[in-house]
Asks: 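Sharing a structure below in structure tokens format, with a few things to ask.
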Amino acid sequence: MRNIMVSVLIMPLLLGPNVLQSDADPESRDMFLEYNLLDAVALPNDGVEYITDSDNFPVLNIQKEADIKTPYRLILPERLNDFQISGIMRLESLAGGYIFSIVNPLETIVQLGVHLSPVASDFMNITLYYTDPSYDSSRELSAFEIPYTKEWFNFAFKVLHDTLIFYLDCEEFSSAKIKRQPTILTFDSASTLFVGGYIFSIVNPLETIVQLGVHLSPVASDFMNITLYYTDPSYDSSRELSAFEIPYTKEWFNFAFKVLHDTLIFYLDCEEFSSAKIKRQPTILTFDSASTL
């Protein structure tokens, strides 16, 4: 993804009657710190530069070829309980990608990360990943659909015991009940922090362009997203036509997407489940002659 960032912060939240005791252990006192993930940026770095915005304020311009990574332990504590993630940024691309991610040593699982989906019909999904190192795949804690904007915007995820609150431009935008497993996230000692630009084949299989496809997200809190991709070969990245959140089931289920001129209708178990207004570009999808199913 290409974007311009001012800050990406993680701030642990200590809740309870004893958090201000002076005899608290050193790790507890450290929990009051803010950790700026942009401290991982070291210049010179191809695809990264400081520029000034319209108010002559220095901001970080991150291109998709940027390679920003560092051992997580140089920036973050070993464990997080309740915490908040916040950021200020402006998008320079519609392609989506990770704002940041902390990955296991094999770089196959996102232990903690925030991901933006490609823009579709002027909307995008912002997803928080939260995965214990013992799991064999990345887990979505929750996702929220937000409007695309070319302007600066700020976001925040507040992760509490069983609730996730999402803020957009300093106002509460939405919330969700969550089930964190475990409630304290402990990073693998050899995990790596990536900032911007990094795409995982195991989490985001769309590292090549998907002209037409259906994707199921990992299950989180007994729900999953089913996404229809629809991309003209002339585009430089895969495009989501729309996504719907559906309940996870161990039983057989059937689904259908009906794609009309400006409407997408989604059916689940033979009943209309939801619909969305869409803007197809182009309205007739022509496959590349060398495409593979």
Side-chain angles (χ1 to χ4, degrees), residues 1-12 33-53 57-80 83-119 124-131 133 138 140-141 143 146 152-157 159 166-168 185 187-204 206-207 237:
M1 70 187 303
R2 300 196 305 274
N3 55 55
I4 301 175
M5 297 185 186
V6 174
S7 66
V8 181
L9 304 175
I10 294 181
M11 182 176 66
L33 297 176
E34 285 185 344
Y35 301 92
N36 191 347
L37 304 189
L38 297 189
D39 289 345
V41 178
L43 298 178
N45 187 318
D46 291 340
V48 182
E49 62 177 346
Y50 277 101
I51 61 175
T52 56
D53 65 7
F57 189 83
V59 294
L60 194 63
N61 185 13
I62 301 176
Q63 302 296 313
K64 65 178 181 180
E65 66 270 18
D67 183 21
I68 304 172
K69 62 181 179 180
T70 189
Y72 92 92
R73 61 184 180 275
L74 299 182
I75 306 291
L76 289 166
E78 180 185 4
R79 292 184 292 275
L80 290 172
F83 61 94
Q84 178 172 301
I85 299 172
S86 61
I88 304 172
M89 62 187 305
R90 189 179 77 207
L91 299 179
E92 297 287 291
S93 167
L94 303 179
Y98 284 88
I99 297 173
F100 81 90
S101 51
I102 300 167
V103 303
N104 67 336
L106 296 178
E107 298 185 7
T108 56
I109 296 175
V110 180
Q111 295 177 257
L112 184 67
V114 174
H115 179 263
L116 286 173
S117 70
V119 176
M124 54 190 175
N125 288 333
I126 185 167
T127 302
L128 178 62
Y129 282 87
Y130 179 105
T131 314
S138 302
E140 290 184 9
L141 195 57
I146 62 175
W152 290 97
F153 70 96
N154 62 65
F155 68 89
F157 290 95
V159 182
F166 177 69
Y167 299 85
L168 186 64
L185 180 60
F187 298 112
D188 189 292
S189 60
S191 293
T192 301
L193 165 66
F194 289 85
V195 177
Y198 192 75
I199 302 289
F200 305 90
S201 60
I202 193 167
V203 175
N204 183 4
L206 310 174
E207 54 187 354
S237 62

Asks: Could you check whether any side-chain heavy atom of V159 comes within less than 4.5 Å of a side-chain heavy atom of I85, counting everything from C-beta outward?
Replies: no
Asks: Rounded to the nearest 0.5 Å, what's the gap from CG on L116 to OG1 on T127? Could you check?
Replies: 8.0 Å
Asks: Is the shortest heavy-atom distance from the side chain of F155 to the side chain of I146 under 4.5 Å?
Replies: no
Asks: With no hydrogens and no angle check, is any side-chain donor or acceptor of S138 less than 3.5 Å from a backbone partner on V110?
Replies: yes
Asks: Which atom pair, heavy atoms only, marks the closest approach of D188 to Y72?
Replies: O-CE2, 3.2 Å
Asks: Measuring from atom CZ of F100 to atom CG of L38, what distance do you get when rounded to the nearest 0.5 angstrom?
Replies: 11.0 Å
Asks: I'd like to check S86 versus Y167 (side-chain heavy atoms, cut-off strictly below 4.5 Å). Are they in contact?
Replies: no
Asks: Considering residues at least two apart in sequence or located in another chain, which fulfil the side chain to side chain donor-acceptor pair (under 3.5 Å) criterion with S191?
Replies: Q111
Asks: For F157, enumerate each residue passing the ring-ring contact (aromatic ring centres under 6.0 Å, His included) test, keeping only those at least two apart in sequence or located in another chain.
Replies: F166
Asks: What pairs with N104 under side chain to side chain donor-acceptor pair (under 3.5 Å), at least two apart in sequence or on another chain?
Replies: T108
Asks: Please list, chain by chain and in numerical order, all residues satisfying side-chain contact (heavy atoms from CB on, under 4.5 Å) with T70, sequence neighbours excluded.
Replies: A40, L74, I75, L193
Asks: How long is the span from the CG atom in N154 to the CZ atom in R90, to the nearest 0.5 Å?
Replies: 14.5 Å
Asks: Which residues pass the side-chain contact (heavy atoms from CB on, under 4.5 Å) test with L185, not counting sequence neighbours?
Replies: L112, Y130, F187
Asks: Within this structure, what is the NZ-CZ distance for the pair K69 and F194, rounded to the nearest 0.5 Å?
Replies: 5.0 Å
Asks: The criterion is side-chain contact (heavy atoms from CB on, under 4.5 Å); which residues satisfy it with S117, sequence neighbours excluded?
Replies: M124, N125, E240
Asks: Measuring from atom CG of N36 to atom CE of M11, what distance do you get when rounded to the nearest 0.5 angstrom?
Replies: 13.0 Å
Asks: Tell me every residue that passes ring-ring contact (aromatic ring centres under 6.0 Å, His included) with F153, counting only those two or more places apart in sequence or in another chain.
Replies: none
